[in-house]
Every structure is written in structure tokens, then in C-alpha cells.
**Student:** 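One structure follows; several queries about it will come next.
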2 protein chains.
Amino acid sequence: MESQPAYQRIAATYRTRIASGELRPGDQLPTEHTIADQFGVARQTVRTGLSLLVTEGLIVARRPHGYFVRQREHMIYRPQEKSRPRPLVPEMDRFSQQIAAEGRSPSQRIEVSLVQAGPDLAERLRVEPGAIVVARRRVRFINGEPTNINDSHFPLDLVKDSEIMSPAYIPRGTDQVLADLGHRQDRAIDEILVRMPTPDEIHRLTLGPGTPVAVHFDTGYTADGRPVRCTVNVLPGDRHRIVFERNWQEEPVS
Amino acid sequence: MESQPAYQRIAATYRTRIASGELRPGDQLPTEHTIADQFGVARQTVRTGLSLLVTEGLIVARRPHGYFVRQREHMIYRPQEKSRPRPLVPEMDRFSQQIAAEGRSPSQRIEVSLVQAGPDLAERLRVEPGAIVVARRRVRFINGEPTNINDSHFPLDLVKDSEIMSPAYIPRGTDQVLADLGHRQDRAIDEILVRMPTPDEIHRLTLGPGTPVAVHFDTGYTADGRPVRCTVNVLPGDRHRIVFERNWQEEPVS
């Protein structure tokens, strides 16, 4: 240990205490002054060591209060719920009902725009790159804090005369609008990629340093295999846990 | 645009070209010299701008060749395959068969150790934090390059007299060993978290800068609801796409 620079020893010490559970999410770390005394180093050395843990996403600096172990898992995100029947309260979508049931306050902002499909969307919706698609873009908030991005995209020719073009909330849901237009989905593919956020995502979600995102592409298909919707969810790693349930389909071969 | 510092304009230019698909995975960027001439700046300014994109995980620097658009999706990872019958070739596990079928060379290193359960494992296996569990830890390689971590954990009392304790490959699979011991799994919960890697993960997987990981907890339960296995997969974001398929369970309520 002694051969490591002091700032690395400080980082390693608190990394271990967080991993072991000795320091728990939301706990405050000792002050820079206290740590400097313990390690016999300058406060700047403490700051350098703790900044490593900020970049790793383990702690956050909240001036002037100090450093805190990062709190994770603000929302359990269950893609499978999407293909279950709509919830009971039509004035609220699934996200809003889940958050309200937890005693928190959900809100969202919906914008509708016409965008050119980049390569990711074009491949999934089977349109030419650069083709115009309809984007219903929303940022979802919990207690006023931006939590995730949920942008749904539709081929323009499918939805151009429907209420999907209006930025109002649609009580029966866009899946039902598509079904009423003759494009009922019966299958979806969930794809999850992990990467650092783009500047646009950092801005829309007010992300701090060391916060990667899961990008969840949810593509819906009709019975004849045509993709009619591609939803791109951007889920900051510090605010989500993605959960699937799975049943064994047959006994393992012995 | 002109009000931005030059290094940010350079980063924004190449970020856009990558997002639009104009520059594709594996493509080489122009040399520092060429970009410096185009923007009328010093090469150090170009380096600062491109280093932003390295940190964002969009490009990689391969000295002395230059900068390249990062290649993603080296492996499609399908958790649902795990609960389907074992594949046909018992000498190879699922990972090895998938990679071999793609014409690539799979390999893995297995270690068995007794470890103390940290809070994540203790919660999922319903043991006391600090309790001893059996860990079968493996790093999986494609064409000799470390690709992901797959560490399975079992309560010690369940498996202590079984071949799970040996670091040899088990052709029938550990799920079948558990079933033979009277602990057949019929359900699993998949949980996916996203975060920056720990120093141990960076070391085991030789990760470059700006590479977040997906941590996939796969916990297997017997019919009476007891957790008997918790596998922790660590999937670098630049090497994996996680895919689930989903069928609509009922018609949406209209």
C-alpha cells in the first residue's frame, strides 16, 4: 500500500468501504480536513483522491456540505410491463402510475417533431437513413428532477393523420392508436446498450460526471413482422435498475 | 458556433459526423495535422478536442496510427437463452458455442474461491452480509481478448460436496448440478445496472477510458422461491448489446 501515491491510497480506502457496505448510499464521508489529518497529507491531495471516486460515479460532491456516497436505484424499470394490459387509470400512463404509487410526484414534457432517422433508427424501423420519422420526445421527471428520456419514433406515413402528431398526452396510449390504425403490435425486441451520454443527453437530464447511460431500444412489430415503432429510452445509470423476469422454458437436458 | 472554443468546435464536428453515420465504426479520422490545418489551430488544440471524444467513448486513439471511430457490439448477449435447454454440444457452453458459430475463437479461465458476500450478493442470495459463498469466477475471451466477466455464486451449504467446488469446466452445466442436488431452478430475475467499472474490472477486462459497464445480476430461484444461484456478469459497453424478446401478453385495453 505504502508504495502507492497518497491520493490513490485515499481513493482505495473509500472505494473499499463503499463496496463492503460499511459506507452506505447517502452516507456522508468525513471532511477533507479529517481525511487529510488521518493520512497526514494536504487537503489538495484528499481532493485529488476523492475526485477519482467522483469520476467513477461512487460519490458526489455537494458543496458546501461535503462528499456523499451516491444513491442509486431511484426507479425500477421493467420493460416487460409495457406488453401487459394498460393500467387502470387512463389519465395516467404507466410511468406516472408507478411513481405516484410510490408516493412521488411524476411529470413529463412531450414534444412532437419530425426528424431525420439516423443509422440506429433507420436500421430498426427499416427506412432509409435520413428518411423523415415522427418523434414523440419526452423527458420524465420525478419530484421535479429529470429522470429519463423516452423518445418514440414512428414511420411518417403510418401516423401522419393521427393524434400521435399532437404533443398532447394520449390517454389510451400510442400503442392503441397504432392498433386502431391497423398496426397492432404483437412482439417487441428490447436492446440495451451502455455508453457515456452525449452532450444533448447531459443537458436534457442534467447528468453529473461519471454517469453512464443505458440506451434501451424497444422496437415493436406487427404480426407480419413490420416494425411500426421504435422507442429510445435513455436511462442514467445512477437512477435506474432494469429488471426482467424469466421462467425456465423446459427442464435442462440431463 | 464561433463563440465556442476551437477544441469544442472540433469535438462537436466529429461527434456529429459519427452520430449521423457519415463516419462509421472502424473509420479513421483525418490526422491531427489535417484537422489543425482545417480549423486553423495548433495540433495541441486538436488533441484536446479529440480527447473529449475519447472520454465519451466515441473514438479510440491507436498510436501511432491515429484516431478511429469506436467499434461497438462485439457480442450479442441474450439472457433469455440461459433458460432454454442446454445446447447440443456438451463439451462447449453456450458462450463458446455462440462465439465458435460466428467463426471466432472462444476461451475462458475459471477460478473457484470462497468469498464473503458483499451487500449486493447477500441481499440476492438471502444470506448475512459477510457470509461465505462459493464463487466460480471466469473471464471470457474472444480471439484472446477479454470480453466479459461471468462470476456465479452459490450458498456454501448447498454445493460444498459437489463438482461446483472444482475449477474444471462442467459439461452438463452448474444449473444441472444444482438440479441433481435437489435445487432445480424454475425462475430467474435479471437485473441490469449501469456504472463506471471498478479498478478490479478495468484490470480483469483491460478496459480503455470512457468505457462504462452493464452489471447483469441473474438470480435463479427454485419452485419454492429460494434463491440458489446469483451470477454477476460484467459487460463492457463497447463490446456488448443485451437483447431480450418479448411477446404482447394480451391485447391492449381499448
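Each chain gets a letter, A, B and so on, in the order the sequences are listed, and its residues count up from 1. Remember, predicted model here, so these are calculated numbers, not experimental data.
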**Student:** Under 4.5 Å heavy-atom distance to chain A, tell me which part of B/V215 shows up: side chain, backbone, both or neither.
**Tutor:**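 Contact with chain A: none, neither part.
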**Student:** Output the option from A/A117, A/P119, A/G21 having the highest count of non-hydrogen pairs under 4.5 Å with chain B.
**Tutor:** A/P119
**Student:** Within a strict 4.5 Å, meaning less than it, do heavy atoms of the A/R195 and B/R70 side chains meet?
**Tutor:** no
**Student:** Using non-hydrogen atoms and a 4.5 Å limit, figure out which bit of B/R15 sits close to chain A: side chain, backbone, both or neither.
**Tutor:** side chain
**Student:** B/I192 and side chain to side chain contact (heavy atoms under 4.5 Å, CB included): which single residue from A/V194, A/V243, A/I192 fits?
**Tutor:** A/I192
**Student:** Looking only at heavy atoms and a cut-off of under 4.5 Å, which of A/I189, A/L58, A/D186 has the most pairs with chain B?
**Tutor:**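 Of the options given, most contacts go to A/D186.
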**Student:** Any idea which of B/D218, B/L235, B/I242 has the most non-hydrogen atom pairs under 4.5 angstrom with chain A?
**Tutor:** B/I242
**Student:** Return the CD to CG distance between A/Q80 and B/D190, rounded to the nearest 0.5 Å.
**Tutor:** 8.0 Å
**Student:** Between A/A122, A/A19, A/P212, who has the most heavy-atom pairs with chain B when the cutoff is under 4.5 Å?
**Tutor:** A/P212
**Student:** For the residue pair B/H240 and A/L193, what are the closest heavy atoms and their distance?
**Tutor:** O-CD2, 4.1 Å
**Student:** Name the member of A/G220, A/P199, A/P129, A/S20 that forms the most heavy-atom pairs with chain B at distances under 4.5 Å.
**Tutor:**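 Of the options given, most contacts go to A/P199.
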**Student:** Distance check, rounded to the nearest 0.5 Å: B/E191 atom CD versus A/Y77 atom OH?
**Tutor:** 16.0 Å
**Student:** I'd like to know whether CZ of A/R24 has more than 12 heavy-atom contacts from other residues, nucleotides or ligands below 6.0 angstrom.
**Tutor:** no
**Student:** I'd like to verify something: which residue of B/P79, B/P197, B/A11, B/G118 has the highest number of heavy-atom pairs under 4.5 Å with chain A?
**Tutor:**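 Most heavy-atom pairs within the cutoff with chain A belong to B/P79.
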**Student:** Any side-chain heavy atom of A/R187 sitting closer than 4.5 Å to one from B/R246?
**Tutor:** no
